[in-house]
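Keep in mind that what you see is a predicted model, and the values were worked out from it rather than measured. When a ligand or atom number is given, it counts from 1 through the structure's own listing order.
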Amino acid sequence: MSTEAMNGGELIVEHLVANLVPYAVGIPGHGIITFVDALIDRADEIGTIMVRHEQSAVHLADGYFRVAGTPLAVFTSVGPGAVNTLVGVATAMADSVPVVVLTGNCQSYFIEKGAIQDISFRQPNDFANMIRPVVKRSWSVMNAHEITDVMRRAFRTALSGRPGPVHVELTMDVQSAAVERPSTSLSSNDVLGKSYPDPSSIERAASAIVDARSPVLLVGGGVSLARAERELVGLATHLGIPVITTLTSKGVIPEDHPLNAYYTGPKGSTCGVKVVKRADVLVAVGFRFSEWASGSYKDGEVFSIPPQRIVQIDVDPNEIGKNYPVEVGVLGDAQPALEMLLARVQAMTAARDYERTEAFAELQTWRTEWENLVRAQTHEDDSMSMSRALADLREELPRNGIVLTSSGHTQGLVYQEFPIYEPRTHISAAGFSTMGWSLPAAIGAKLAAPDRPVVAIVGDGDFLMTCQELACAVQYEIPIVVCVMNNSGYLSIRDLQVALFGAERTLVTESSREDGTVVETDIAALAASFGAWSRRVTDPAELRQAYRDALACGRPAVVEVMTPREYSKAGNALGQWSEFPMPENRTPLDAR
Ligand SMILES: Cc1ncc(C[n+]2csc(CCOP(=O)(O)OP(=O)(O)O)c2C)c(N)n1
Ligand SMILES: [Mg+2]
């Protein structure tokens, strides 16, 4: 391709187009306006989406990636617009989701002089310092001739190894400077390959697994990200290994598969904990031994290492052996690693007739035991509850429907109670549990999967943090469904206050006046004001019709479910957080 003159903004758009980025999402301002102008002429190749808050732009891109597997670009102006991305970027970082964030900057020659919205309070150009801890890498482009090198590095960094968000800051003069279009390809896709593990580590892992008396697969978000579900289920079924999943991997093996062993940890499942305790070898794949999955790292609570031994596969060397000593470490992408592992295991031993074993029968007993506990909660009686509302939603949602959660009671309840059957149909702000994530992320998920129903399941507090993005969904006619469990408050935290400190010690968690009267937001009316379809449901008998109508209406839709406020009917009885540092002068409630 020949070189041609263009401006910096146009060259950046050229990079996005070459990397097949389908949408640029954001809010313009003077600091990014030349880049935005360059998008106009490329509208056939890259779409644009206007959001109502920059945090939502990143969440939207995050939701898109988790379903589509390819990144979007986010753009913001300088100053507050850029700073507004931080929660979004941190959320993406916590779950290893790539997003390319472009923020504007003032003129390079005005940095530190007092230019409008410049962030140079303590050091020049400090926004990069703000965002650095929550991105894989940040670049401040001060000269237009750096654009191509930086954009190439940005895409490669975001997408290679353990993926994650990256940041590129562009001064106003960089965007408007004359540059030449490079004659070489701008696409990063043709240079990136998967990280293959060392075959000798695969050999050792295969031996450890084949020789194990009772192995268990601990599967984390790395398997969802690598789309390695086929290889995972292949390995599990060849040897009859139970599979434990997490918030980021729920559904990589269908939850009605007999080898699915649900979740570990006190906020996981009884089944998962029993399966893990029985195991001698823990095969962790893209699994970071988080606090919840590990039972707050208390020896014997979930894991006992040693005597339990670990085979750990991860694309990030920092994860291998981070929390527990590892017998075999395999450094590599979960997809090729599991593929190679399966091939070695198949060469070492024939498929095992696991369905006749005692261990399998035990697993089925434990699965049923857990499913009965869940059923007791979802079908306790005929009254309204979050669990009941979720069970009815599951009945109306096809197996390939996508649900999103972010925080509060809904995140835990959907994790524990809502059966998921296909990979990446349960997507959650797992590591950061960010209120406000689900609604904008659902818009992104729906863009990635326009033919499947997409439902954000949120509490009222979660919804009210980003509800303005209903305007975005209405503007672009993106028919997401938002199911809001309205209990007028931050009741999961209120319930924590009650559980730890007592019923009389709740504060700033209930939306009520001093005299106790509840201040209720009419969420259905609020949704209607944005132009969305909406319905408030108080009678549980009307839930299923409301979901049916919302899913069929073809517009952005909000089902507001009025759920109980009393402790403990408000939330979840299926397990609690096991490690809370009580104030030393207080006794936990249950010990009083
Ligand atoms: C941005 C953000 N702020 C604060 C928290 C801490 N937090 C976790 S759950 C929660 C309450 C959520 O309220 P709501 O969405 O109404 O759900 P509910 O607890 O009532 O089920 C809070 C404040 C958080 N996770 N994210
Ligand atoms: Mg609430």
Note: [X]-[Y] ion pair, threshold 4.0 Å (strictly below):
| X | Y | value |
| --- | --- | --- |
| E520 | R536 | yes |
| E510 | R565 | yes |
| K322 | D316 | no |
| E396 | R548 | yes |

[Y] versus [X], side-chain donor and acceptor atoms under 3.5 Å:
| X | Y | answer |
| --- | --- | --- |
| S438 | S406 | yes |
| S387 | S385 | no |
| D462 | Q411 | no |

Please check if the number of heavy atoms outside F289 that lie under 6.0 Å from its CZ is greater than 12.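 Yes, because the 6.0 Å sphere around CZ of F289 holds more than 12 heavy atoms from other groups.
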What does the N/O contact table under 3.5 Å look like for ligand 1?
unit_1	atom_1	unit_2	atom_2	d
ligand 1	15 (O)	G461	N	3.4
ligand 1	15 (O)	D462	N	2.8
ligand 1	16 (O)	D460	N	3.3
ligand 1	16 (O)	D460	OD1	2.9
ligand 1	16 (O)	G461	N	2.8
ligand 1	16 (O)	G489	O	2.9
ligand 1	19 (O)	L491	N	3.4
ligand 1	19 (O)	S492	N	2.8
ligand 1	19 (O)	S492	OG	2.6
ligand 1	20 (O)	N487	OD1	3.1
ligand 1	20 (O)	N487	ND2	3.1
ligand 1	20 (O)	G489	O	2.9
ligand 1	20 (O)	L491	N	3.0
ligand 1	21 (O)	H409	N	3.2
ligand 1	25 (N)	S433	O	2.8
ligand 1	26 (N)	M435	N	3.3

Minimum side-chain heavy-atom gap D95-F432 below 4.5 Å: no
Under 2.8 Å from the Mg ion (ligand 2), which protein atoms of type N, O or S occur, listed by chain and number?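 Sorted hits: D460 OD1, N487 OD1, G489 O.
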